[in-house]
Amino acid sequence: CALRICPGVLEAAKRPADGNHAVSVHEYLFSVLRSGKIDADPLAGMTAICGIVHVPSILGIRRSAAGSDTLKTLLASRRTLTASWTVGPTSTNFMALAMLAKATGAKIDFKPYSSKAAAVSALNDGEVDIAEINPEILLDPAYGAIAPLALFAEARDGRLPTLLTMKEQGVDVEYSVHRGLAVPAKTPAAARARLEKACEQAAAEPGLDADLARLGARSVFMSATRYETYLRRNRELYSSGI
């Protein structure tokens, strides 16, 4: 690949459109384009098959943050918030916090870390005030100093029933990651339909949600049409200049 980085989706677009070649995708498609790590449209030459895994984004703080039990009190307690985020071509944890800053006018000083584990550890160790985290962090005793403050999703999560959404706390921000599959655009309709059906069946498999829950995710099937719309909407979000 002649580009500085060559994501699998760009390679997958070159494979035969025979229904036997697919690639896993999520919002990293657009973060690498936004960051300048690639100079080609990641969706060009590809078409969505399904969304199957949803990973909610949570605003995390340290449990010792006095007087910061709600988003409103957190924003009122500090002039500037420091936030950890992951540098690298597939980072998506910057976007949720950038959307929060734009929606509230909060000043956020972003501090880069080399991995998601390092970014989360920075919050746990008190190096930063906030970070975008996922539910599995809250289940890991190694990160016992971290508490959830708000859910970026549109609706509450059944696994965290008392955690309020951003919108419930007066901030019109929604963000999460949906992982799915895409195939070369010229893949025959019959083959695409077969793969979409297989995704739907896989999403409904007994025990899948329990397995995904241990990873901080859950199974959420999105049809090809819905996932295609979702991906294109997020491409616009990432290119919006937030």
Note to self: Please check: side-chain N/O of E196 versus main-chain N/O of A224, any donor-acceptor pairing under 3.5 Å?
What the structure shows: yes
Next item on the list: Can you measure from CE (M46) to CG (L181) and round to the nearest 0.5 angstrom?
Entry: 9.5 Å
Next item on the list: Could you tell me which non-hydrogen atom of L97 sits nearest to which non-hydrogen atom of S84, and how far apart they are?
Entry: CD1-O, 4.1 Å
Note to self: Minimum heavy-atom separation for C199 and I49, please, with both atom names.
What the structure shows: SG-CG2, 4.1 Å
Note to self: Can you tell me if R156 has over 12 outside heavy atoms packed within less than 6.0 Å of its CZ?
What the structure shows: yes
Margin query: In the structure I gave you, are the side-chain heavy atoms of L151 and D157 within less than 4.5 Å of one another anywhere?
Written below: yes
Check: Do R192 and T47 touch side chain to side chain, with heavy atoms closer than 4.5 Å?
Finding: yes
Next item on the list: For the residue pair V120 and Y143, establish whether any side-chain heavy-atom pair is separated by less than 4.5 Å.
Entry: yes
Notebook entry, point to check: Distance from E27 atom CD to L231 atom CG, nearest 0.5 Å?
Noted result: 7.0 Å
Item checked: Residues R62, E127: salt bridge by 4.0 Å N-O rule -> no
Margin query: Counting C-beta onward and ignoring hydrogens, is there a side-chain heavy-atom pair between L123 and Y113 closer than 4.5 Å?
Written below: no
Next item on the list: Indicate, with yes or no, if the rings of H178 and Y230 have centres closer together than 6.0 Å.
Entry: yes
Next item on the list: Kindly write out the residues that satisfy side chain to side chain donor-acceptor pair (under 3.5 Å) with R218, not counting sequence neighbours, or none if the list is empty.
Entry: H54
Notebook entry, point to check: Which atoms form the tightest heavy-atom contact between A83 and I108, and what is the distance?
Noted result: CB-CG2, 3.6 Å
Note to self: What's the separation between atom CD in Q169 and atom CG in L74, rounded to the nearest 0.5 Å?
What the structure shows: 9.5 Å
Check: Under a 4.5 Å cut-off applied to non-hydrogen side-chain atoms, are P135 and R159 in contact?
Finding: yes
Next item on the list: State whether R232 and E228 are salt-bridged, where the test is any N-O pair (Lys NZ or Arg NE/NH1/NH2 against Asp/Glu carboxylate O) under 4.0 Å.
Entry: yes
Check: Going from OG on S219 to CG on L212, what distance comes out if it is rounded to the nearest 0.5 angstrom?
Finding: 6.0 Å
Next item on the list: Before accepting this row, confirm whether a basic side-chain N of the pair R78/D129 lies closer than 4.0 Å to the acidic partner's carboxylate O.
Entry: yes
Checklist line | Pair L163-I58, side chain to side chain contact (heavy atoms under 4.5 Å, CB included): steps then yes or no | finding: CA-CA 9 Å; L163 181 60; I58 297 169; 4.1 Å; yes
Notebook entry, point to check: So if you build clusters from Ile, Leu, Val, Met, Phe, Trp, Tyr with side-chain heavy-atom gaps below 4.5 Å, do L237 and F94 land together?
Noted result: yes
Notebook entry, point to check: Is I133 close to I146 at the side-chain level, that is, under 4.5 Å between some pair of heavy atoms?
Noted result: yes
Next item on the list: Examine F221 and V177 and state if one hydrophobic cluster contains both, with Ile, Leu, Val, Met, Phe, Trp and Tyr joined whenever side-chain heavy atoms are less than 4.5 Å apart.
Entry: no
Check: Does a side-chain heavy-atom distance below 4.5 Å link M95 with Y175?
Finding: yes
Checklist line | Heavy-atom side-chain contact between L59 and L71 under 4.5 Å | finding: yes
Margin query: Test your reading of the model: is there a side-chain donor-acceptor pair from N93 to the backbone of A131, 3.5 Å cut-off?
Written below: no
Item checked: Qualifying residues under salt bridge (charged side-chain N to carboxylate O under 4.0 Å, His left out), relative to E154, sequence neighbours excluded -> none
Next item on the list: Measure across A155 and T165 and return the closest heavy-atom pair with its distance rounded to 0.1 Å.
Entry: C-CG2, 3.6 Å
Item checked: Short N-O contact, K111 and D109, less than 4.0 angstrom -> yes
Note to self: What's the separation between atom CG in L100 and atom CG in L81, rounded to the nearest 0.5 Å?
What the structure shows: 8.0 Å
Checklist line | Donor-acceptor pair, side chain of T187 and main chain of V183, under 3.5 angstrom | finding: no
Checklist line | Joint hydrophobic cluster, F110 plus F152, side-chain heavy atoms closer than 4.5 Å | finding: yes
Next item on the list: Could you tell me which residues satisfy salt bridge (charged side-chain N to carboxylate O under 4.0 Å, His left out) with D211, sequence neighbours excluded, listed by chain and number?
Entry: R214
Margin query: Looking at every heavy atom in both I52 and A202, which two are closest together, and how far apart are they?
Written below: CD1-CB, 4.0 Å
Margin query: Are Y227 and V53 connected into the same hydrophobic cluster when the rule is that any two of I, L, V, M, F, W, Y join if their side-chain heavy atoms are below 4.5 Å apart?
Written below: yes
Check: Can you check whether P56's main-chain N or O pairs, donor with acceptor, with S176's side chain at less than 3.5 Å?
Finding: no
Next item on the list: Start with the C-alpha gap between I137 and N124, add the side-chain angles, then the distance that decides, and say whether side chain to side chain contact (heavy atoms under 4.5 Å, CB included) holds.
Entry: CA-CA 10 Å; I137 299 302; N124 192 67; over 6 Å; no
Note to self: Donor-acceptor pair, distance only, cut-off 3.5 Å: does the side chain of N134 make one with the backbone of S57?
What the structure shows: no
Notebook entry, point to check: Donor-acceptor pair, E200 side chain versus M222 backbone, under 3.5 Å?
Noted result: no
Next item on the list: List the atom of H21, the atom of D18, and the distance in Å for their closest heavy-atom pair.
Entry: ND1-OD1, 3.0 Å
